[in-house]
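One structure is given here, and the rest of the page talks about it.
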Amino acid sequence: MNVVTQHHRPADDIDKGIASFIEEIIELRHDLHRYPELAFQERRTSKIVASLLSSWGYEVTTGVGGTGVVATLRGGDGEKRIGIRADMDALPIEEATELAYASDNPGVMHACGHDGHTSILLAAARYLAETRRFSGVLTLIFQPAEEIGAGARKMISDGLFERFPVDAVFGLHNWPGVPLGQFGFVADAAMASVDQAIIRFVGKGGHGAEPHKSVDPVLTSAAFITAVQSVVSRNVDPQDMAVVTVGSIHGGSASNVIPESVELKLTMRAFSETVRQRLQERIPALARAQAESFGAEADVNYRLGFPALINHRGETAFAQTVAQEAFGEGQVARDFRPRTASEDFAFMLLERPGSYLFVGNGDSAPLHSAHYNFDDRIIAPAARYWVRLVETFLS
Ligand SMILES: [Zn+2]
Ligand SMILES: [Zn+2]
């Protein structure tokens with residue numbers, strides 16, 4: 001499919017256009033980084049985003065799904081409508097980067113690069129408003145609270161796609177470890193579902209020297225932790241991906257006391273609903289059966305988080321072709337693999353067709369690390385990518 005039409009301006013023009021104001025955008029990124037805000041508290045951020053977009057001629061709606069901002073711009077008289085989403089929230093992490101523009105907000109940090117995603121979309125927004133070389137409706141979605149998996153859902157339940165209809169929606173995330181500015185595309189499942197379980201094994205406490213008079217929840221939980229990995233190896237199709245991690249275990253306080261109970265916290269990841277449901281059936285069943293075999297009990301609180309992010313094939317092929325035409329094959333990562341992290345853009349892709357892509361952040365500290373930093377050098381190419389995507393989709 002040749003999606004790029006002849007009347008596109010050479011990529012150089014977009015580069016020059018963005019280059020003319022890139023320093024301002026980088027300054028803005030540093031400002032957002034210095035004043036990070038947690039999920040649903042992005043008041044300062046959304047105010048800045050809304051006022052810039054208004055000043056560039058967008059029709060701006062604030063308060064969509066809490067602190068979310070939606071901006072629309074019409075070009076020409078085309079019928080097509082495209083949505084692009086960026087996330088705005090930070091994380092409860094104490095920054096350890098020692099950057100000149102490090103967080104001024106103690107215990108809060110842009111450790112996932114959402115300051116960068118917001119800046120990329122603003123750079124594209126400014127260029128697209130100044131040039132308006134598209135025909136149709138452009139909708140920009142600045143989403144709150146991605147990190148707690150709640151912002152996308154809240155915007156959707158606030159009527160996002162009814163109030164601002166789109167034919168397709170796109171989003172991106174920077175990715176450490178992928179060469180700087182290289183693009184990655186994955187058709188179908190691109191990121192995993194995330195669910196949590198809190199399991200409490202309840203026994204009968206007693207003296208550590210008289211175990212036969214107790215029911216030991218420490219031994220029960222040890223047996224369970226080993227057995228639960230059999231769910232991945234024996235209950236899930238070997239061709240499918242599943243992760244079960246026991247990330248927390250708490251129980252007991254002294255070497256000579258058998259405690260009354262032990263509590264475990266688990267996270268589960270999968271790329272399909274079938275696997276996700278299999279984990280949801282097997283893990284509680286295994287916990288109860290293991291407990292029973294030791295004469296203990298298991299309280300299982302299985303909490304569904306959010307589904308796998310499933311990219312739509314047509315839109316992903318389209319998005320990838322745009323990148324190849326704009327940057328050349330060399331800037332598109334070959335065989336980019338799905339990631340086992342999670343992303344609440346999954347909810348938007350359940351509502352509308354679209355695709356979520358990755359942009360290399362080079363050799364940086366990993367996401368959610370106190371040492372992580374978003375690389376400013378990817379703002380210009382990623383913004384140029386959004387411009388090309390919009391101009392091509394709305395050509
Ligand atoms: Zn994150
Ligand atoms: Zn993120």
Side-chain angles (χ1 to χ4, degrees), residues 29 32-33 36-42 45-46 49 65-69 84-97 103 105 107-122 140-155 169-178 180 183-186 189-196 243 245 247 267 269 305-309 311 336 338-349 354-362 364-376 378-379 382 385-386:
R29 209 283 286 180
L32 296 176
H33 191 89
E37 296 172 301
L38 291 174
F40 291 129
Q41 296 170 29
E42 309 90 338
T45 308
S46 60
V49 166
T67 38
V69 178
I84 302 180
R85 171 274 210 176
D87 38 17
M88 302 188 290
D89 58 321
L91 285 156
I93 292 175
E94 184 71 41
E95 180 157 355
T97 63
S103 174
N105 188 355
V108 182
M109 176 188 175
H110 268 300
C112 206
H114 298 184
D115 50 344
H117 305 160
T118 296
S119 304
I120 291 166
L121 191 52
L122 286 172
L140 306 179
I141 303 162
F142 290 87
Q143 186 208 298
E146 191 287 320
E147 294 294 356
I148 61 167
R153 247 184 305 193
K154 195 157 181 204
M155 288 190 93
V169 64
F170 297 87
L172 64 72
H173 209 292
N174 76 93
W175 214 265
V178 175
L180 202 70
F183 292 87
F185 299 87
V186 184
M191 297 185 85
S193 60
V194 54
D195 300 314
Q196 200 194 2
V243 175
T245 291
T267 187
R269 311 285 168 133
F306 43 100
L309 184 149
N311 278 330
F336 196 84
R339 306 286 146 162
T340 54
S342 305
E343 162 61 57
D344 84 345
F345 188 69
F347 286 111
M348 295 200 182
L349 291 179
S355 192
Y356 193 70
L357 51 118
F358 302 90
V359 184
N361 197 49
S364 75
L367 299 171
H368 293 204
S369 153
H371 297 279
Y372 166 84
N373 193 27
F374 174 87
D375 196 313
D376 289 325
I378 66 181
I379 295 177
Y385 174 76
W386 281 147

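First listed ligand is number 1; within each ligand, the first listed atom is number 1. Positions are given from 1 along the sequence.
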(Q) If I take every N, O or S atom of E146, is at least one of them less than 2.8 Å from the Zn ion (ligand 1)? (A) no
Q. From C112, does some N, O or S atom reach closer than 2.8 Å to the Zn ion (ligand 1)?
A.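 Yes.
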Q: Report the residue from F358, F183, F185 that forms a ring pair (Phe, Tyr, Trp, His ring centres under 6.0 Å) with F336.
A: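 The option that passes is F358.
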**Q.** Angle subtended at the Zn ion (ligand 1) by E147 OE1 and H368 NE2, rounded to 10 degrees
**A.**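 With the Zn ion (ligand 1) as the vertex, the angle is close to 90°.
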Q) Do side-chain atoms of S364 reach the backbone of G177 as a donor and acceptor pair under 3.5 angstrom? A)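 Side chain of S364 to backbone of G177: no pair is present.
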Q) Aromatic rings H33 and H110: how do their planes relate, parallel, tilted or perpendicular, breaks at 30° and 60°? A) tilted
Q: Would you give the angle at the Zn ion (ligand 2) between H114 atom NE2 and H173 atom NE2, to the nearest 10°?
A: 120°
**Q.** K154 and D344 ion-paired at < 4.0 Å
**A.** no
